[in-house]
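Below: one structure, written as structure tokens.
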Amino acid sequence: MTTIISFDVDGTLIHSVGDKANKLHKDAFAHGLKVGFGLDTNIDVIAHHGSTDPLILIKVAEHHGIPKQEAMAKLPVMEAAMNAYFTEHREEAAVGLELLPGVRELLTRLKALPNVATCLVTGNLEPIGWGKMEKLGVLDLFSSPRFGGFGSDFCSGNTEESWKDRGEFVRIAARKCEELHGTVGARFHVGDTPMDIKAAVDAGAVPVGVATGIYTAEQLKAVAEGVVVMDSLSDLGAVLRVMKLAA
């Protein structure tokens, strides 16, 4: 039985820093919206934390008066443009990003454990999520063959309840793991937003909250009864105990 440990990316494994915070990802959004609708805009015109890349594209388009159905129809074009832009400028993928404390050590330890598979479950488009991990030097610490659940895997169009799409990502990751790594047992999803916790519960995984983003531990604990929330991933032993991987 394989235990899945899935991680959100932004705010959970990494955080944005400096005046070029998450620059390439944001530039890729701007490029996608320019290609899709000729808009000169950026994602900061809306509240986007905890959402998914496709839903963010839709919300920005709606902000500029474009109907949701029209925006959804253009998602393949905009996502392809984002991925192409990100790939073309991939050497800049780590600009304005840093690994959070304890992340490298935790991923290294999990990789060494038998019957444990680690992956990403994130609103990022898949090439962007893995591209960040590559340029921050931790790509090879995830299970191989790689798998996960990404913004590019599914989009409902439900911009009011983005956690529901994230729940689908958790389920998609489990299905991919079953195909690649064998029968799935326990599942844990680690994230820094209420949306991550709701998604894990919705998909039957155990949520593990980390107060490393914009939400406090109290806000995360209030999402669902009995949710374990940690200040960070720095205490390796404590994290492994939460995941039932250490005594």
Side-chain angles (χ1 to χ4, degrees), residues 8-68 70-72 74-100 120-133 135-136 150-152 155-166 169 191-196 198-199 210-216 219-220:
D8 173 56
V9 173
D10 301 288
T12 298
L13 295 178
I14 66 177
H15 66 153
S16 300
V17 293
D19 57 1
K20 294 184 178 180
N22 203 16
K23 182 178 187 304
L24 182 53
H25 196 176
K26 287 190 171 185
D27 287 350
F29 271 115
H31 180 71
L33 288 156
K34 179 72 172 177
V35 170
F37 291 106
L39 296 171
D40 289 309
T41 189
N42 63 76
I43 65 171
D44 291 325
V45 299
I46 62 162
H48 54 75
H49 195 86
S51 191
T52 74
D53 285 13
L55 293 175
I56 290 168
L57 289 169
I58 292 168
K59 286 178 73 174
V60 173
E62 287 186 303
H63 175 82
H64 290 282
I66 296 164
K68 177 175 286 187
E70 190 176 339
M72 287 193 71
K74 278 286 182 73
L75 278 179
V77 171
M78 291 191 287
E79 290 181 22
M82 283 183 67
N83 285 332
Y85 186 94
F86 190 93
T87 299
E88 183 180 350
H89 299 86
R90 64 183 306 114
E91 293 308 313
E92 304 167 28
V95 173
L97 297 175
E98 287 181 351
L99 286 178
L100 282 161
L120 300 180
V121 165
T122 171
N124 290 188
L125 303 181
E126 184 166 3
I128 293 175
W130 288 128
K132 292 176 182 180
M133 297 300 97
K135 291 306 173 186
L136 289 166
F150 300 88
S152 40
C155 179
S156 67
N158 184 352
T159 53
E160 302 304 315
E161 299 170 296
S162 63
W163 63 269
K164 290 187 175 180
D165 279 27
R166 286 180 174 272
F169 301 163
D192 68 294
T193 73
M195 288 69 86
D196 291 303
K198 288 180 180 180
V210 282
T212 45
I214 67 170
Y215 295 94
T216 65
Q219 288 173 311
L220 296 177

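This structure is a prediction, so every number in the text was calculated from the model and none was measured. Numbering starts at 1 and runs along the sequence shown.
- Listed by chain and number, the residues in a side chain to side chain contact (heavy atoms under 4.5 Å, CB included) with Ala81 are His31, Val35 (sequence neighbours excluded).
- Here the straight-line distance linking atom NE2 of His48 with atom OG1 of Thr159 works out to 14.5 Å at 0.5 Å rounding.
- Within the model, atoms CD of Glu79 and CG of Leu57 stand 6.5 Å from one another, a figure rounded to the nearest 0.5 Å.
- Proximity of Ile43 to His25: side-chain heavy atoms (C-beta onward) are nowhere separated by under 4.5 Å.
- Between His49 and Tyr215, the ring-plane angle classifies as tilted under the 30° and 60° cut-offs.
- With a 4.5 Å cut-off on side-chain heavy atoms, Ile14 and Lys132 count as touching.
- How far CD of Glu160 is from CG of Leu55: 10.0 Å, rounded to the nearest 0.5 Å.
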Check step by step if side chain to side chain donor-acceptor pair (under 3.5 Å) holds for Thr52 and Asp165. CA-CA 8 Å; Thr52 74; Asp165 279 27; 4.6 Å; no
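- Residue Lys68 qualifies as enclosed at atom NZ: its count of foreign heavy atoms under 6.0 Å is above 12.
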List the steps and the verdict of side chain to side chain contact (heavy atoms under 4.5 Å, CB included) for His15 and Leu97. CA-CA 6 Å; His15 66 153; Leu97 297 175; over 6 Å; no
List the steps, then state whether side chain to side chain donor-acceptor pair (under 3.5 Å) holds for His64 with Thr41. CA-CA 9 Å; His64 290 282; Thr41 189; 2.8 Å; yes
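- Rounded to the nearest 0.5 angstrom, Asn124 CG and Phe150 CZ are separated by 8.5 Å.
- A side-chain donor-acceptor contact under 3.5 Å links Asp196 to the backbone of Thr193.
- With rounding to the nearest 0.5 angstrom, the CG atom of Leu220 is 7.5 Å from the CG atom of Asp192.
- Salt bridge annotation for Glu62-Lys59: absent, with no cationic side-chain nitrogen under 4.0 angstrom from a carboxylate oxygen.
- Comment: Lys135 engages Glu91 in a salt bridge, judged by a side-chain N to carboxylate O separation of less than 4.0 angstrom.
- If you take NZ on Lys198 and CE on Met195, they are separated by 8.0 Å, rounding to the nearest 0.5 Å.
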